[in-house]
Asker: 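The structure under discussion is supplied below as structure tokens; questions concerning it will follow.
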Amino acid sequence: MMMNLSTSISTPKLVTTISQMRVETSVTRRAGVKIGLVPTMGALHEGHLSLVRASKAECGLTVVSIFVNPTQFGPNEDFAKYPRTLDNDLKLLASCGADVAFAPEASEMYRPDRGATVDVGEVAEPLEGAFRPGHFRGVGTVVLKLFNIVQPDVAFFGQKDFQQVQVVRRMAADLNVPVDVRICPIVREPDGLAMSSRNRYLSPAARCRALVLSKSLKRAGELVQQGQRNAAVILAEMRSVIETAEDARIDYIALVDPETFRPVETVAGPTLAALAVKIENTRLIDNCLL
Ligand code: AMP
């Protein structure tokens, strides 16, 4: 019988139950094939696809999870309106050759009487942790669940959510989860805006004002290149760039140690410049390593 190979290779298999997901990966694992996992909340864009390509380059089987995780959203956040675009996501995944899309319902992932959660400790406290109480408990818990369900050899995360990667790394190291956690570069629009599923909330005018985030990080990089080491001076410059957008509301602008997330006073070693700013009520984050 003739097989249409191009279709069978490029269309990801849609899996919605944990038991079926375990079957998919256990067969592959027994065959000695390396398994890569790309956890996402869907509404996929080039940033997500770059992680899929990184997994494809390294692993024989690439699983992409698509799950808008309720436990990482605060009560006043955008869980209900978060974009859900499964059909389009599957097309995009087909275009880059993902093997399995794991898209469970919340009722499949969470038992009604659940109690256990993951508490990651100090790296989860400042910045995103301070402005989104409980966020990293939700992230740590769902990522550990995904690691236990898929049992990947390697998991791929974006630098866009730098603190999230460090939270996941700590969780995996401290709880002895045998997964290599890889961090992939931030994918940006040609004008510098970091790609994000939330960018689609922005009106065209707000989309323009949102460029202050990447501009402010660029300015920080320039200052450091020119020899500026005083964190207070760099932060003040970053703030003044952000404030050129009249409706910008700053959650934080920070220069921190990229391992501990403690603030630095002097840029002496590797330093993470990170910010979270609301533009037109849409909360955007961005960062760069100085
Ligand atoms: P999300 O769907 O927002 O939970 O993101 C899923 C994964 O994609 C996370 O590891 C993010 O850091 C990563 N990601 C999101 N946006 C980008 C981007 N612009 N560049 C690289 N990775 C990204």
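All ligand and atom numbering here is 1-based and tracks the order in the structure.
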Asker: Closer than 3.5 angstrom, by distance alone: can the side chain of Glu280 be matched with the main-chain N or O of Asp247 as a donor-acceptor pair?
Answerer: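 Checked: no pair found.
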Asker: Look at atom 13 (C) of ligand 1 and say which protein heavy atom is nearest, naming residue and atom and giving the distance to 0.1 Å.
Answerer: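 Checked against all protein heavy atoms, atom 13 (C) of ligand 1 sits closest to Leu51 CD1, 3.7 Å.
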Asker: Is there a salt bridge (Lys or Arg N to Asp or Glu O under 4.0 Å) between Arg170 and Glu259? Walk through the geometry before answering.
Answerer: CA-CA 10 Å; Arg170 287 309 299 251; Glu259 293 295 322; over 6 Å; no
Asker: Should one rank Arg188, His48, Gln159 by closest heavy-atom distance to atom 5 (O) of ligand 1, which comes out on top?
Answerer: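 Among Arg188, His48, Gln159, the closest heavy atom to atom 5 (O) of ligand 1 belongs to His48.
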Asker: Nearest 0.5 Å please: distance from the CG atom of Asp286 over to the CG atom of Leu193.
Answerer: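 Answer for the CG-CG pair, Asp286 versus Leu193, is 7.5 Å.
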Asker: Would you call the rings of Phe157 and Phe147 parallel, tilted or perpendicular, taking 30° and 60° as the class edges?
Answerer: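 The rings of Phe157 and Phe147 stand perpendicular, inter-plane angle above 60°.
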Asker: Quick one: nearest non-hydrogen protein atom to atom 4 (O) of ligand 1, plus distance?
Answerer: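 Result: Met41 CG, 3.6 Å.
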Asker: Residue-level breakdown please: for Ser196 versus ligand 1, do any non-hydrogen atoms fall below 4.0 Å on the side chain, on the backbone, on both, or on neither?
Answerer: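 For Ser196, no heavy atom sits under 4.0 Å from ligand 1.
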Asker: Within a distance under 4.0 Å of any heavy atom of Met195, pick out the atoms of ligand 1 and give their elements.
Answerer: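 That gives atoms 16 (N), 17 (C), 18 (C), 19 (N) of ligand 1.
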Asker: Nearest to atom 23 (C) of ligand 1, what protein heavy atom do you find, and at what distance?
Answerer: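 Of the protein heavy atoms, Lys160 CB, 3.9 Å lies nearest.
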Asker: Between Lys215 and Glu222 (salt bridge meaning N to carboxylate O under 4.0 Å), is one present in this structure?
Answerer: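 No, Lys215 and Glu222 are not salt-bridged.
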Asker: Could you list which atoms of ligand 1 come closer than 4.0 Å to a heavy atom of His45?
Answerer: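 That gives atoms 15 (C), 16 (N), 17 (C) of ligand 1.
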Asker: Going by the order shown, which atoms of ligand 1 are within less than 4.0 Å of some heavy atom of Phe157?
Answerer: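 Listed by number with element: 10 (O).
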Asker: Examine distances only and state if a side-chain atom of Asn287 and a backbone atom of Leu272 form a donor-acceptor pair shorter than 3.5 Å.
Answerer: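 Looks like no, no N/O pair under 3.5 Å.
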Asker: Any nitrogen or oxygen of Val187, side chain or backbone, less than 3.5 Å from one on ligand 1?
Answerer: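 Yes - when backbone and side-chain N and O of Val187 are compared with those of ligand 1, one distance drops under 3.5 Å.
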Asker: Would you say Gly158 has any N or O atom under 3.5 Å from an N or O of ligand 1, going by distance alone?
Answerer: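 Checking ligand 1 against Gly158, an N or O pair does fall under 3.5 Å apart.
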Asker: Can a donor-acceptor pair be found, under 3.5 Å and without considering hydrogens, that links the side chain of Gln159 to the backbone of Ile183?
Answerer: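 The answer is no, because no donor-acceptor pair under 3.5 Å joins these two groups.
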Asker: Could you tell me the residue and atom name of the protein heavy atom closest to atom 6 (C) of ligand 1, and the distance to it rounded to 0.1 Å?
Answerer: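 For this ligand atom, the closest protein heavy atom is Pro39 O, 3.3 Å.
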Asker: Test side-chain contact (heavy atoms from CB on, under 4.5 Å) on Arg262 and Glu122; report intermediate values, then the result.
Answerer: CA-CA 9 Å; Arg262 295 201 189 105; Glu122 211 183 326; 2.8 Å; yes
Asker: Heavy-atom distances under 4.0 Å decide this one: backbone, side chain, both or neither, for Cys184 against ligand 1?
Answerer: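 No part of Cys184 comes within reach of ligand 1.
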Asker: What are the atoms of ligand 1, with element, lying closer than 4.0 Å to any heavy atom of Asp161?
Answerer: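 Answer, ordered by atom number: 11 (C), 12 (O).
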Asker: Aromatic rings Tyr82 and Phe73: how do their planes relate, parallel, tilted or perpendicular, breaks at 30° and 60°?
Answerer: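 Answer is perpendicular, since the angle exceeds 60°.
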Asker: Backbone, side chain, both or neither: what part of Val165 comes under 4.0 angstrom of ligand 1, heavy atoms only?
Answerer: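 Neither part.
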Asker: Taking side chain to side chain contact (heavy atoms under 4.5 Å, CB included) as the criterion, tell me which of Met109, Met41, Arg137 meets it with Val142.
Answerer: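 For Val142, the side chain to side chain contact (heavy atoms under 4.5 Å, CB included) test succeeds with only one of Met109, Met41, Arg137, which is Met109.
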Asker: Quick one: does NZ or CZ of Lys145 land under 6.0 Å from the six-membered ring centre of Phe67, within 45 degrees of the ring axis?
Answerer: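 The answer is no, since Lys145 fails at least one limit relative to Phe67.
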Asker: Could you establish whether Ala43 and ligand 1 come within less than 4.0 Å of each other, counting only heavy atoms on the residue side?
Answerer: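 Outside the 4.0 Å threshold, so no.
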Asker: Side chain or backbone, does Ala194 bring an N or O within less than 3.5 Å of an N or O on ligand 1?
Answerer: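 By distance alone, the answer is no.
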Asker: Which residue owns the protein heavy atom closest to atom 21 (C) of ligand 1, what's the atom, and how far is it?
Answerer: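 The closest one turns out to be Pro185 O, 3.4 Å.
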Asker: Give the numbers and elements of all ligand 1 atoms closer than 4.0 Å to a heavy atom of Ile186.
Answerer: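 So the answer, numbered in order with elements, is 20 (N), 21 (C).
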